[in-house]
Amino acid sequence: MSDVRIGAAISSTSSKAAKSKADPKLAVGYAFGEVGCQMSWYMINNYLTLFYRDIVGLTASAISLIMLIARVWDAINDPMMGSIADRTNSRWGRFRPYLYFAPPFLAIFNVLTFTVWPMQGTTKVIVCLLCYVGTGMAYTACSIAYQALQNVIAIDSRVRMLLATSRNIGSSIIGIILSATAAPLLLKLSNPGAEAADAQGYFRFAVIMAVVMIIPFWICAVICKEKYTDELHAKKGKTEALGFFASIKEIAKNDQLLMVVLATFLGAICVSGRMGLLTFYIIYVVGDFMHIATFFTVMTIAQLIGSVLLPWGTNKFTKKGYLIILQMIMNAGFLAMFLLPNAGIPVLLAISFVCGLCNSASGICYGLVGDSLEYGDWKLGRRQEGVAASMLSFGVKIATAVCGAAGILLLDAVGYVPNAEQTEAARQGINAVVNLIPFVLGLISLVPMLFYKLTPEKVEEIRTDLENGVHAYDK
(Lines give C-alpha, C1' and ligand atoms only; values in the text may rest on other atoms or scores of the structure.)
Protein backbone atom coordinates (compact mmCIF):
# COMPACT_ATOMS: atom_id res chain seq x y z
CA MET A 1 0.00 0.00 0.00
CA SER A 2 1.37 3.43 -0.91
CA ASP A 3 2.14 6.10 1.67
CA VAL A 4 -0.79 8.12 0.34
CA ARG A 5 -3.17 5.22 0.85
CA ILE A 6 -1.76 4.53 4.30
CA GLY A 7 -2.25 8.15 5.25
CA ALA A 8 -5.78 8.11 3.87
CA ALA A 9 -6.58 4.96 5.80
CA ILE A 10 -5.23 6.44 9.04
CA SER A 11 -7.16 9.65 8.42
CA SER A 12 -10.34 7.71 7.68
CA THR A 13 -9.89 5.60 10.83
CA SER A 14 -9.31 8.66 12.98
CA SER A 15 -12.32 10.36 11.44
CA LYS A 16 -14.50 7.37 12.18
CA ALA A 17 -13.22 7.13 15.73
CA ALA A 18 -14.05 10.76 16.29
CA LYS A 19 -17.48 10.37 14.81
CA SER A 20 -18.25 7.22 16.84
CA LYS A 21 -18.05 9.03 20.18
CA ALA A 22 -21.42 9.88 21.66
CA ASP A 23 -21.76 13.31 23.28
CA PRO A 24 -23.88 12.99 26.47
CA LYS A 25 -25.13 16.57 26.07
CA LEU A 26 -26.26 15.78 22.53
CA ALA A 27 -28.05 12.63 23.69
CA VAL A 28 -29.87 14.51 26.46
CA GLY A 29 -30.78 17.35 24.11
CA TYR A 30 -32.13 14.91 21.55
CA ALA A 31 -34.20 13.16 24.22
CA PHE A 32 -35.92 16.46 25.02
CA GLY A 33 -37.41 16.53 21.52
CA GLU A 34 -39.16 13.24 22.21
CA VAL A 35 -40.44 14.62 25.51
CA GLY A 36 -42.18 17.38 23.55
CA CYS A 37 -43.61 14.93 21.02
CA GLN A 38 -44.96 12.64 23.71
CA MET A 39 -46.57 15.46 25.68
CA SER A 40 -48.71 16.10 22.61
CA TRP A 41 -49.19 12.50 21.47
CA TYR A 42 -49.92 10.98 24.88
CA MET A 43 -53.36 12.55 25.26
CA ILE A 44 -54.25 12.02 21.60
CA ASN A 45 -53.30 8.36 21.58
CA ASN A 46 -54.55 7.32 25.02
CA TYR A 47 -57.56 9.53 25.72
CA LEU A 48 -58.99 11.04 22.53
CA THR A 49 -61.26 8.12 21.61
CA LEU A 50 -62.56 7.99 25.19
CA PHE A 51 -63.01 11.79 25.18
CA TYR A 52 -64.95 11.73 21.90
CA ARG A 53 -67.18 8.83 23.00
CA ASP A 54 -67.89 9.52 26.66
CA ILE A 55 -67.45 13.32 26.91
CA VAL A 56 -68.27 14.84 23.52
CA GLY A 57 -70.93 12.19 22.89
CA LEU A 58 -70.01 11.38 19.30
CA THR A 59 -71.33 8.15 17.81
CA ALA A 60 -69.00 5.29 17.02
CA SER A 61 -69.46 5.87 13.28
CA ALA A 62 -68.64 9.58 13.63
CA ILE A 63 -65.48 8.83 15.64
CA SER A 64 -64.46 6.21 13.12
CA LEU A 65 -64.90 8.68 10.26
CA ILE A 66 -62.91 11.40 12.08
CA MET A 67 -60.06 9.02 12.87
CA LEU A 68 -59.96 7.66 9.34
CA ILE A 69 -59.97 11.03 7.55
CA ALA A 70 -57.67 12.86 9.97
CA ARG A 71 -55.09 10.12 10.34
CA VAL A 72 -54.96 9.14 6.66
CA TRP A 73 -54.41 12.79 5.75
CA ASP A 74 -51.87 13.03 8.57
CA ALA A 75 -50.00 10.06 7.14
CA ILE A 76 -50.07 11.47 3.59
CA ASN A 77 -48.89 14.79 4.97
CA ASP A 78 -45.77 13.15 6.48
CA PRO A 79 -43.79 12.55 3.26
CA MET A 80 -44.95 15.97 2.01
CA MET A 81 -43.47 17.56 5.13
CA GLY A 82 -40.34 15.43 4.77
CA SER A 83 -39.86 16.66 1.21
CA ILE A 84 -40.33 20.28 2.30
CA ALA A 85 -37.82 19.86 5.12
CA ASP A 86 -35.25 18.25 2.80
CA ARG A 87 -35.40 21.36 0.60
CA THR A 88 -35.26 23.85 3.48
CA ASN A 89 -32.16 26.01 3.83
CA SER A 90 -31.94 28.44 6.71
CA ARG A 91 -29.50 29.85 9.24
CA TRP A 92 -30.64 27.09 11.64
CA GLY A 93 -30.29 24.26 9.11
CA ARG A 94 -32.86 22.07 7.38
CA PHE A 95 -34.82 20.68 10.31
CA ARG A 96 -34.24 22.81 13.40
CA PRO A 97 -36.42 25.74 12.22
CA TYR A 98 -39.49 23.53 12.54
CA LEU A 99 -38.62 22.75 16.18
CA TYR A 100 -38.57 26.47 16.90
CA PHE A 101 -41.69 27.66 15.08
CA ALA A 102 -44.14 24.72 14.85
CA PRO A 103 -44.61 23.87 18.60
CA PRO A 104 -46.72 26.97 19.46
CA PHE A 105 -49.19 26.04 16.70
CA LEU A 106 -49.25 22.46 17.97
CA ALA A 107 -50.03 23.76 21.47
CA ILE A 108 -53.03 25.76 20.20
CA PHE A 109 -54.51 22.86 18.25
CA ASN A 110 -54.01 20.43 21.14
CA VAL A 111 -56.21 22.63 23.31
CA LEU A 112 -58.82 23.00 20.57
CA THR A 113 -58.94 19.22 20.08
CA PHE A 114 -59.88 18.66 23.74
CA THR A 115 -62.56 21.36 23.73
CA VAL A 116 -66.26 20.47 23.86
CA TRP A 117 -67.85 22.77 21.29
CA PRO A 118 -71.44 24.07 21.93
CA MET A 119 -72.96 22.63 18.77
CA GLN A 120 -74.69 19.46 17.66
CA GLY A 121 -74.98 17.01 14.81
CA THR A 122 -72.86 17.22 11.70
CA THR A 123 -71.46 20.62 12.63
CA LYS A 124 -69.92 19.21 15.81
CA VAL A 125 -68.35 16.33 13.88
CA ILE A 126 -66.85 18.70 11.29
CA VAL A 127 -65.40 21.03 13.94
CA CYS A 128 -63.86 18.09 15.83
CA LEU A 129 -62.40 16.82 12.56
CA LEU A 130 -60.87 20.20 11.66
CA CYS A 131 -59.31 20.60 15.10
CA TYR A 132 -57.84 17.12 14.96
CA VAL A 133 -56.51 17.63 11.42
CA GLY A 134 -54.86 20.86 12.56
CA THR A 135 -53.23 19.04 15.47
CA GLY A 136 -51.96 16.33 13.15
CA MET A 137 -50.40 18.78 10.69
CA ALA A 138 -48.67 20.78 13.43
CA TYR A 139 -47.44 17.55 15.05
CA THR A 140 -46.10 16.35 11.70
CA ALA A 141 -44.03 19.51 11.27
CA CYS A 142 -42.47 18.94 14.69
CA SER A 143 -42.03 15.17 14.61
CA ILE A 144 -40.67 14.77 11.06
CA ALA A 145 -38.07 17.47 11.64
CA TYR A 146 -37.16 15.83 14.94
CA GLN A 147 -36.81 12.34 13.46
CA ALA A 148 -34.73 13.55 10.51
CA LEU A 149 -32.45 15.53 12.83
CA GLN A 150 -30.96 12.28 14.17
CA ASN A 151 -29.32 11.58 10.81
CA VAL A 152 -27.50 14.93 10.53
CA ILE A 153 -26.32 15.35 14.13
CA ALA A 154 -24.58 11.95 14.05
CA ILE A 155 -22.96 9.96 11.27
CA ASP A 156 -21.91 6.71 12.96
CA SER A 157 -24.47 3.87 13.10
CA ARG A 158 -23.70 3.15 16.77
CA VAL A 159 -24.06 6.78 17.77
CA ARG A 160 -27.37 6.98 15.93
CA MET A 161 -28.53 3.90 17.82
CA LEU A 162 -27.51 5.61 21.07
CA LEU A 163 -29.54 8.67 20.01
CA ALA A 164 -32.49 6.38 19.27
CA THR A 165 -31.99 4.90 22.73
CA SER A 166 -31.91 8.35 24.35
CA ARG A 167 -35.08 9.14 22.45
CA ASN A 168 -36.72 6.05 23.91
CA ILE A 169 -35.48 6.96 27.38
CA GLY A 170 -36.95 10.45 27.02
CA SER A 171 -40.22 8.89 25.88
CA SER A 172 -40.22 6.51 28.83
CA ILE A 173 -39.45 9.16 31.44
CA ILE A 174 -42.18 11.54 30.29
CA GLY A 175 -44.43 8.51 29.85
CA ILE A 176 -43.91 7.50 33.48
CA ILE A 177 -44.70 11.03 34.64
CA LEU A 178 -47.83 11.30 32.50
CA SER A 179 -49.01 7.78 33.30
CA ALA A 180 -48.76 8.48 37.01
CA THR A 181 -50.30 11.96 36.90
CA ALA A 182 -52.63 12.26 33.90
CA ALA A 183 -55.65 10.34 35.21
CA PRO A 184 -55.48 11.81 38.75
CA LEU A 185 -55.02 15.34 37.37
CA LEU A 186 -57.83 14.90 34.86
CA LEU A 187 -60.08 13.93 37.78
CA LYS A 188 -58.78 16.68 40.09
CA LEU A 189 -59.28 19.37 37.44
CA SER A 190 -62.84 18.15 36.79
CA ASN A 191 -65.93 19.38 38.63
CA PRO A 192 -66.06 18.42 42.35
CA GLY A 193 -67.60 15.02 42.99
CA ALA A 194 -66.95 13.65 39.49
CA GLU A 195 -66.18 9.91 39.46
CA ALA A 196 -64.43 10.17 36.07
CA ALA A 197 -62.85 13.04 34.17
CA ASP A 198 -65.33 15.50 32.64
CA ALA A 199 -65.11 18.16 29.92
CA GLN A 200 -63.63 20.76 32.27
CA GLY A 201 -60.92 18.35 33.43
CA TYR A 202 -59.87 17.48 29.88
CA PHE A 203 -59.76 21.14 28.78
CA ARG A 204 -57.75 22.39 31.76
CA PHE A 205 -55.26 19.54 31.52
CA ALA A 206 -54.85 20.14 27.77
CA VAL A 207 -54.01 23.80 28.42
CA ILE A 208 -51.32 22.88 30.98
CA MET A 209 -49.77 20.28 28.68
CA ALA A 210 -49.83 22.63 25.68
CA VAL A 211 -47.95 25.40 27.45
CA VAL A 212 -45.30 23.16 29.00
CA MET A 213 -44.54 21.03 25.91
CA ILE A 214 -43.12 23.98 23.91
CA ILE A 215 -40.08 24.16 26.21
CA PRO A 216 -38.52 20.71 25.49
CA PHE A 217 -38.86 21.26 21.73
CA TRP A 218 -36.89 24.49 22.03
CA ILE A 219 -34.24 22.86 24.25
CA CYS A 220 -33.73 20.17 21.61
CA ALA A 221 -33.43 22.77 18.84
CA VAL A 222 -30.82 24.76 20.78
CA ILE A 223 -28.60 21.79 21.66
CA CYS A 224 -28.84 19.62 18.53
CA LYS A 225 -26.86 21.48 15.88
CA GLU A 226 -26.89 19.99 12.36
CA LYS A 227 -23.20 19.16 12.40
CA TYR A 228 -23.00 16.79 9.42
CA THR A 229 -25.59 18.19 7.00
CA ASP A 230 -23.08 19.85 4.67
CA GLU A 231 -20.59 16.99 4.84
CA LEU A 232 -23.14 14.29 4.04
CA HIS A 233 -24.78 16.15 1.20
CA ALA A 234 -21.49 17.30 -0.29
CA LYS A 235 -20.66 13.64 -0.96
CA LYS A 236 -23.85 12.60 -2.70
CA GLY A 237 -23.65 11.41 -6.26
CA LYS A 238 -26.77 13.23 -7.43
CA THR A 239 -27.31 16.86 -6.59
CA GLU A 240 -30.41 17.99 -8.48
CA ALA A 241 -33.38 18.83 -6.25
CA LEU A 242 -36.39 16.54 -6.42
CA GLY A 243 -40.02 17.49 -6.10
CA PHE A 244 -42.39 15.66 -3.78
CA PHE A 245 -43.56 12.91 -6.15
CA ALA A 246 -40.08 12.35 -7.56
CA SER A 247 -38.73 12.03 -4.00
CA ILE A 248 -41.33 9.42 -3.11
CA LYS A 249 -40.71 7.51 -6.32
CA GLU A 250 -36.98 7.37 -5.72
CA ILE A 251 -37.09 6.50 -2.04
CA ALA A 252 -39.52 3.66 -2.83
CA LYS A 253 -36.55 1.98 -4.53
CA ASN A 254 -34.98 1.56 -1.10
CA ASP A 255 -36.22 -1.98 -0.43
CA GLN A 256 -34.66 -2.15 3.04
CA LEU A 257 -36.40 1.03 4.20
CA LEU A 258 -39.70 -0.35 2.88
CA MET A 259 -39.26 -3.52 4.97
CA VAL A 260 -38.71 -1.37 8.08
CA VAL A 261 -41.77 0.74 7.27
CA LEU A 262 -43.96 -2.34 6.71
CA ALA A 263 -42.80 -3.96 9.95
CA THR A 264 -43.39 -0.67 11.78
CA PHE A 265 -46.87 -0.32 10.26
CA LEU A 266 -47.92 -3.77 11.45
CA GLY A 267 -46.19 -3.38 14.80
CA ALA A 268 -47.84 0.00 15.39
CA ILE A 269 -51.28 -1.52 14.78
CA CYS A 270 -50.74 -4.05 17.54
CA VAL A 271 -49.01 -1.66 19.99
CA SER A 272 -50.33 1.88 19.40
CA GLY A 273 -53.76 0.59 18.44
CA ARG A 274 -53.92 -1.45 21.62
CA MET A 275 -52.79 1.49 23.75
CA GLY A 276 -55.56 3.62 22.24
CA LEU A 277 -58.15 1.13 23.47
CA LEU A 278 -56.47 0.01 26.69
CA THR A 279 -58.41 2.57 28.75
CA PHE A 280 -61.65 0.77 27.82
CA TYR A 281 -60.17 -2.53 29.01
CA ILE A 282 -59.04 -1.02 32.32
CA ILE A 283 -62.29 0.82 33.01
CA TYR A 284 -64.79 -1.81 31.90
CA VAL A 285 -62.96 -5.15 32.27
CA VAL A 286 -60.57 -4.49 35.16
CA GLY A 287 -63.16 -2.16 36.65
CA ASP A 288 -61.75 1.19 37.82
CA PHE A 289 -60.87 4.49 36.10
CA MET A 290 -58.07 5.12 38.62
CA HIS A 291 -56.32 1.87 37.60
CA ILE A 292 -55.42 3.61 34.32
CA ALA A 293 -52.60 5.43 36.12
CA THR A 294 -51.34 2.19 37.70
CA PHE A 295 -51.23 0.17 34.47
CA PHE A 296 -49.76 2.96 32.35
CA THR A 297 -47.13 3.79 34.98
CA VAL A 298 -46.01 0.17 35.25
CA MET A 299 -45.75 -0.12 31.47
CA THR A 300 -43.76 3.09 31.04
CA ILE A 301 -41.37 2.23 33.87
CA ALA A 302 -40.79 -1.11 32.15
CA GLN A 303 -40.27 0.68 28.82
CA LEU A 304 -37.61 2.87 30.43
CA ILE A 305 -35.77 -0.23 31.64
CA GLY A 306 -36.12 -1.76 28.18
CA SER A 307 -34.77 1.41 26.58
CA VAL A 308 -31.68 1.36 28.80
CA LEU A 309 -31.08 -2.23 27.65
CA LEU A 310 -31.29 -1.37 23.94
CA PRO A 311 -27.55 -0.80 23.35
CA TRP A 312 -26.75 -4.12 25.02
CA GLY A 313 -29.48 -6.01 23.19
CA THR A 314 -28.73 -4.59 19.75
CA ASN A 315 -24.99 -5.19 20.17
CA LYS A 316 -25.45 -8.78 21.32
CA PHE A 317 -28.27 -9.88 18.99
CA THR A 318 -28.07 -7.17 16.25
CA LYS A 319 -30.86 -4.65 15.74
CA LYS A 320 -32.93 -7.04 13.65
CA GLY A 321 -32.44 -9.98 16.03
CA TYR A 322 -33.27 -8.02 19.18
CA LEU A 323 -36.37 -6.51 17.54
CA ILE A 324 -37.67 -10.00 16.73
CA ILE A 325 -36.95 -11.25 20.27
CA LEU A 326 -38.81 -8.34 21.88
CA GLN A 327 -41.80 -8.70 19.55
CA MET A 328 -42.11 -12.42 20.29
CA ILE A 329 -42.07 -11.82 24.05
CA MET A 330 -44.64 -9.04 23.67
CA ASN A 331 -46.89 -11.35 21.65
CA ALA A 332 -46.76 -13.87 24.48
CA GLY A 333 -47.78 -11.09 26.88
CA PHE A 334 -50.80 -10.13 24.77
CA LEU A 335 -51.93 -13.74 24.65
CA ALA A 336 -51.52 -14.09 28.44
CA MET A 337 -53.60 -10.93 29.02
CA PHE A 338 -56.35 -12.41 26.85
CA LEU A 339 -56.33 -15.83 28.50
CA LEU A 340 -56.10 -14.54 32.09
CA PRO A 341 -58.53 -11.60 32.38
CA ASN A 342 -59.59 -12.66 35.90
CA ALA A 343 -56.12 -13.40 37.23
CA GLY A 344 -56.14 -10.34 39.48
CA ILE A 345 -54.44 -6.95 39.42
CA PRO A 346 -50.94 -8.13 40.48
CA VAL A 347 -50.78 -10.75 37.70
CA LEU A 348 -52.14 -8.37 35.05
CA LEU A 349 -49.66 -5.71 36.14
CA ALA A 350 -46.79 -8.21 35.89
CA ILE A 351 -47.82 -9.12 32.35
CA SER A 352 -48.19 -5.43 31.49
CA PHE A 353 -44.67 -4.86 32.81
CA VAL A 354 -43.32 -7.43 30.35
CA CYS A 355 -45.28 -5.85 27.49
CA GLY A 356 -44.00 -2.42 28.47
CA LEU A 357 -40.42 -3.71 28.55
CA CYS A 358 -40.84 -4.88 24.96
CA ASN A 359 -42.36 -1.56 23.88
CA SER A 360 -38.77 -0.31 23.79
CA ALA A 361 -38.49 -2.08 20.41
CA SER A 362 -39.82 1.10 18.78
CA GLY A 363 -36.41 2.67 19.39
CA ILE A 364 -34.78 -0.03 17.27
CA CYS A 365 -36.93 0.95 14.29
CA TYR A 366 -35.40 4.44 14.27
CA GLY A 367 -31.94 2.88 14.32
CA LEU A 368 -32.93 0.69 11.36
CA VAL A 369 -34.10 3.77 9.46
CA GLY A 370 -30.66 5.34 9.92
CA ASP A 371 -29.01 2.23 8.46
CA SER A 372 -31.56 2.13 5.63
CA LEU A 373 -30.77 5.76 4.87
CA GLU A 374 -27.08 4.88 4.45
CA TYR A 375 -28.09 1.97 2.22
CA GLY A 376 -30.28 4.27 0.12
CA ASP A 377 -27.43 6.77 -0.29
CA TRP A 378 -25.07 3.95 -1.29
CA LYS A 379 -27.55 2.34 -3.68
CA LEU A 380 -29.18 5.43 -5.21
CA GLY A 381 -26.62 8.19 -4.64
CA ARG A 382 -28.99 10.54 -2.86
CA ARG A 383 -29.73 11.36 0.80
CA GLN A 384 -33.28 12.34 1.81
CA GLU A 385 -33.32 12.44 5.61
CA GLY A 386 -36.68 14.20 5.81
CA VAL A 387 -38.53 11.87 3.44
CA ALA A 388 -36.82 8.78 4.92
CA ALA A 389 -37.84 9.78 8.44
CA SER A 390 -41.35 10.57 7.26
CA MET A 391 -41.79 7.07 5.84
CA LEU A 392 -41.56 5.55 9.31
CA SER A 393 -43.99 8.12 10.66
CA PHE A 394 -46.19 7.41 7.62
CA GLY A 395 -46.36 3.73 8.60
CA VAL A 396 -47.22 4.55 12.21
CA LYS A 397 -49.95 7.02 11.27
CA ILE A 398 -51.55 4.77 8.67
CA ALA A 399 -51.61 2.14 11.41
CA THR A 400 -53.29 4.54 13.85
CA ALA A 401 -55.76 5.52 11.14
CA VAL A 402 -56.75 1.88 10.71
CA CYS A 403 -56.92 1.36 14.48
CA GLY A 404 -58.81 4.58 15.15
CA ALA A 405 -61.40 3.81 12.49
CA ALA A 406 -61.76 0.10 13.22
CA GLY A 407 -61.18 0.03 16.98
CA ILE A 408 -64.26 1.93 18.11
CA LEU A 409 -66.42 0.04 15.59
CA LEU A 410 -65.11 -3.26 16.93
CA LEU A 411 -65.98 -2.18 20.46
CA ASP A 412 -69.53 -1.38 19.38
CA ALA A 413 -69.70 -4.68 17.50
CA VAL A 414 -68.92 -6.63 20.68
CA GLY A 415 -71.64 -4.80 22.62
CA TYR A 416 -69.81 -1.94 24.36
CA VAL A 417 -72.18 0.71 25.79
CA PRO A 418 -70.67 4.07 26.90
CA ASN A 419 -70.90 5.01 30.59
CA ALA A 420 -72.72 1.82 31.55
CA GLU A 421 -72.11 -1.53 33.24
CA GLN A 422 -70.99 -3.91 30.49
CA THR A 423 -72.48 -7.36 29.93
CA GLU A 424 -70.22 -10.38 30.32
CA ALA A 425 -70.27 -10.87 26.54
CA ALA A 426 -69.21 -7.24 26.03
CA ARG A 427 -66.39 -7.64 28.56
CA GLN A 428 -65.10 -10.71 26.72
CA GLY A 429 -65.37 -8.83 23.43
CA ILE A 430 -63.40 -5.86 24.75
CA ASN A 431 -60.74 -8.28 25.98
CA ALA A 432 -60.48 -9.86 22.52
CA VAL A 433 -60.26 -6.49 20.74
CA VAL A 434 -57.57 -5.17 23.11
CA ASN A 435 -55.44 -8.32 23.43
CA LEU A 436 -56.19 -11.14 20.97
CA ILE A 437 -56.23 -9.09 17.75
CA PRO A 438 -52.91 -7.36 18.61
CA PHE A 439 -51.42 -10.82 19.31
CA VAL A 440 -52.23 -11.99 15.79
CA LEU A 441 -51.01 -8.77 14.19
CA GLY A 442 -47.82 -8.91 16.24
CA LEU A 443 -46.97 -12.27 14.72
CA ILE A 444 -47.61 -10.95 11.22
CA SER A 445 -45.38 -7.91 11.87
CA LEU A 446 -42.35 -10.21 12.10
CA VAL A 447 -42.59 -11.31 8.46
CA PRO A 448 -41.00 -8.18 6.85
CA MET A 449 -37.97 -8.51 9.12
CA LEU A 450 -37.18 -11.84 7.49
CA PHE A 451 -36.33 -9.86 4.33
CA TYR A 452 -34.20 -7.21 6.08
CA LYS A 453 -30.54 -7.84 5.18
CA LEU A 454 -28.55 -4.92 6.64
CA THR A 455 -26.27 -6.69 9.11
CA PRO A 456 -23.75 -4.65 11.16
CA GLU A 457 -21.00 -5.83 8.82
CA LYS A 458 -22.94 -4.72 5.75
CA VAL A 459 -23.68 -1.29 7.25
CA GLU A 460 -19.99 -0.82 8.08
CA GLU A 461 -19.04 -1.80 4.53
CA ILE A 462 -21.55 0.70 3.14
CA ARG A 463 -20.31 3.47 5.46
CA THR A 464 -16.72 2.80 4.32
CA ASP A 465 -17.76 3.02 0.68
CA LEU A 466 -19.56 6.30 1.29
CA GLU A 467 -16.55 7.71 3.15
CA ASN A 468 -14.50 6.96 0.03
CA GLY A 469 -17.11 8.33 -2.39
CA VAL A 470 -18.07 4.88 -3.71
CA HIS A 471 -21.67 3.84 -4.50
CA ALA A 472 -23.27 0.57 -5.54
CA TYR A 473 -23.62 1.75 -9.12
CA ASP A 474 -19.85 2.40 -9.27
CA LYS A 475 -19.03 -1.26 -8.68
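No side-chain donor from either of R167 and S171 sits under 3.5 Å from a side-chain acceptor of the other. Checked by atom type, the side-chain pair D74/T140 shows a donor-acceptor distance below 3.5 Å.
Smallest separation of non-hydrogen atoms from S90 and G93: OG-O, 2.8 Å. Closest approach of D255 to K379, counting heavy atoms only: OD1-NZ, 3.2 Å. Closest approach of S445 to L266, counting heavy atoms only: CB-CB, 3.5 Å. Nearest heavy-atom pair, T279 versus N46, reported as atom, atom and distance to 0.1 Å: CG2-O, 3.4 Å.
A distance-only check finds no donor-acceptor pair linking the side chain of E34 to the backbone of N168 [under 3.5 Å].
Here CD1 of I301 is found 12.5 Å from OG of S352. Values are rounded to the nearest 0.5 Å. Once rounded to the nearest 0.5 Å, the distance linking CG of L129 with CE of M67 reads 10.5 Å. The CE atom of M137 sits 10.5 Å away from atom CG of D78, with the distance rounded to the nearest 0.5 Å. In this structure, I144 CD1 and F95 CZ are separated by 10.0 Å, a value rounded to the nearest 0.5 Å. Taken to the nearest 0.5 Å, the CD1 atom of I44 stands 9.5 Å off from the OG1 atom of T49. Between the CE atom in M213 and the SG atom in C142 there is a gap of 7.0 Å [rounded to 0.5 Å].
Looking at L99 and W218, their side chains never come closer than 4.5 Å, going by heavy atoms from C-beta outward. The shortest distance between side-chain heavy atoms of F439 and L339 does not fall below 4.5 Å. Contact annotation: the side chain of L258 never approaches that of N254 to less than 4.5 Å [non-hydrogen atoms, C-beta and beyond]. At least one side-chain heavy atom of L368 sits under 4.5 Å from a side-chain heavy atom of L323. Residues L309 and Y322 meet the side-chain proximity criterion, which asks for heavy atoms closer than 4.5 Å. Looking at heavy atoms from C-beta onward, L454 lies in side-chain contact with I462 at the 4.5 angstrom threshold.
Among residues two or more places apart in sequence or in another chain, the ring pair (Phe, Tyr, Trp, His ring centres under 6.0 Å) test is passed with Y281 by none. Partners of S61 according to the side-chain hydrogen bond (donor to acceptor under 3.5 Å, both in side chains) rule, which considers only residues two or more places apart in sequence or in another chain, are T59.
Within the structure, the side-chain hydrogen bond (donor to acceptor under 3.5 Å, both in side chains) test picks out the following pairs touching residues 104-114 (sequence neighbours left out): S40-N110, T113-T135.
Around the CZ atom of F101, the shell of radius 6.0 Å holds more than 12 heavy atoms that belong to other residues, nucleotides or ligands.
The aromatic rings of F51 and F114 are tilted relative to each other, their planes meeting at an angle between 30° and 60°.
Between D23 and K25 there is no salt bridge, since no side-chain N of the basic residue sits under 4.0 Å from a carboxylate O of the acidic one. A salt bridge is defined here as a Lys NZ or Arg NE, NH1 or NH2 lying under 4.0 Å from an Asp or Glu carboxylate O, and R463 with E374 meets this definition.
The one candidate from F217, Y30, Y98 that meets the ring-ring contact (aromatic ring centres under 6.0 Å, His included) condition with Y146 is Y30. Each of N315, T314, T318 was compared with P456 under the side-chain contact (heavy atoms from CB on, under 4.5 Å) criterion, and only T318 meets it.
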